[in-house]
A.B. asks: 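Before I ask anything, here is the structure I am working with.
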Amino acid sequence: MEKELKINSVDVKTDTSIKEKLWVIIPVVLLVGLLSTLIYNHYADFSWNGFVSGFNQEFLVFFFIGIFAQLVDGTLGMGYGATSTSFLLAYGVPPVVSSTAVHVSEMFTTGASALSHHRFGNINKKLVKHLLIPGVLGSITGAYLLSDVINGDFIKPFIAVYMIILAVIIIKKALKKTIVKKKTKKLSVLAAFGGFMDSVGGGGWGPIVTSTLLGRGRNPRYTIGSVNAAEFAISFASGITFMLFGGIHGWQVIIGLILGGVIAAPLGAYLVNKIKRKPMMIAVGILIILLSLKTLSKLL
């Protein structure tokens, strides 16, 4: 009887160990596979000559946008898409190019973020599972519509207005003094909406999902870790959809954002406990509003 109990205990531990490893193995395999596929299909863009020819003032602009956006996301748990998209639109990058670039770069930055949060035990796996499938379906729908159905020039002013709304949400959450804990209902609807708006607008998963969950009194550590872990799947799904239906445009933007984001990720993780969240959220919200107003002024 004791032998059977020991055998069962070993089997349970083995199953748990395998499941834990899958949280690391799956993102790593997907990222390696994605990078290999991109290099194989677009080797000319990844060649040394292609890189050198693209290394100019514009590349540096995208590189620094990537650094700043990742620092914002690393310290607040939200804002990478909203910040980078606002900067790119204000700089004159078309919506479909900016959204594709943001989501392809996020495949790598959110993958690194998910692995880091798993390493530090910041993930509520039950919450991730609730967010995952509806969030992925919403992001695929939004990416398909923007790539193959919606006119990018037509939607550009609406995206700018949407970014202003996101910024107001961020500022409102920062100014809120007391948060009463409430039960979060319709998680799947929240995830689907967040994924859809993230793909169409080039950002919004964090401001919509993270801010809603935090606003309902959920634990910040596990909320940010879980939402960021789910965001890897959302970014991966929308990025692949953009590739399939719209192709990949703006390699200069993509590589600049990826390099900037990867370099800034460790610094963002370090600053998360050094910078006060509320002043940072207010500053980022105001910055996004100003950038979006600049985009609107060019269109009117």
A.B. asks: What is the distance from atom OG1 of Thr109 to atom CG of Asp73, rounded to the nearest 0.5 Å?
C.D. replies: 7.0 Å
A.B. asks: Roughly how far apart are Gln70 CD and Leu259 CG, rounded to 0.5 Å?
C.D. replies: 12.5 Å
A.B. asks: I need the Ile67 CD1 to Leu257 CG distance, nearest 0.5 Å.
C.D. replies: 10.5 Å
A.B. asks: Would you tell me whether Tyr80 and Thr110 have side-chain atoms, one donor and one acceptor, within less than 3.5 Å of each other?
C.D. replies: no
A.B. asks: Between Leu88 and Val97, is there a side-chain heavy-atom distance shorter than 4.5 Å?
C.D. replies: no
A.B. asks: I'd like to know whether Ile240 forms a side-chain contact (heavy atoms from CB on, under 4.5 Å) with Ile140, so could you lay out the CA-CA distance, the side-chain angles of the two residues, the decisive distance to 0.1 Å, and finally the verdict.
C.D. replies: CA-CA 9 Å; Ile240 293 294; Ile140 289 172; over 6 Å; no
A.B. asks: Output, in order, the C-alpha distance, side-chain angles, deciding distance and verdict of ring-ring contact (aromatic ring centres under 6.0 Å, His included) for Phe68 and Phe64.
C.D. replies: CA-CA 6 Å; Phe68 183 73; Phe64 285 115; over 10 Å; no
A.B. asks: If hydrophobic clusters are built by linking Ile, Leu, Val, Met, Phe, Trp and Tyr wherever their side-chain heavy atoms come under 4.5 Å apart, do Leu290 and Ile165 end up in the same one?
C.D. replies: yes
A.B. asks: For residues Ile234 and Leu131, determine if any side-chain heavy atom of one lies less than 4.5 Å from a side-chain heavy atom of the other.
C.D. replies: no
A.B. asks: Does the side-chain contact (heavy atoms from CB on, under 4.5 Å) test come out yes or no for Val102 and Val253, once each step is laid out?
C.D. replies: CA-CA 9 Å; Val102 167; Val253 185; over 6 Å; no
A.B. asks: Should we count CG of Leu137 as having more than 12 external heavy atoms under 6.0 Å?
C.D. replies: yes
A.B. asks: Which residues pass the ring-ring contact (aromatic ring centres under 6.0 Å, His included) test with Phe193, not counting sequence neighbours?
C.D. replies: none
A.B. asks: Taking Ser199 for its side chain and Phe196 for its backbone only, find out whether a donor-acceptor pair lies under 3.5 Å.
C.D. replies: no
A.B. asks: Could you tell me whether Tyr91 and Phe62 have their ring centroids closer than 6.0 angstrom?
C.D. replies: yes
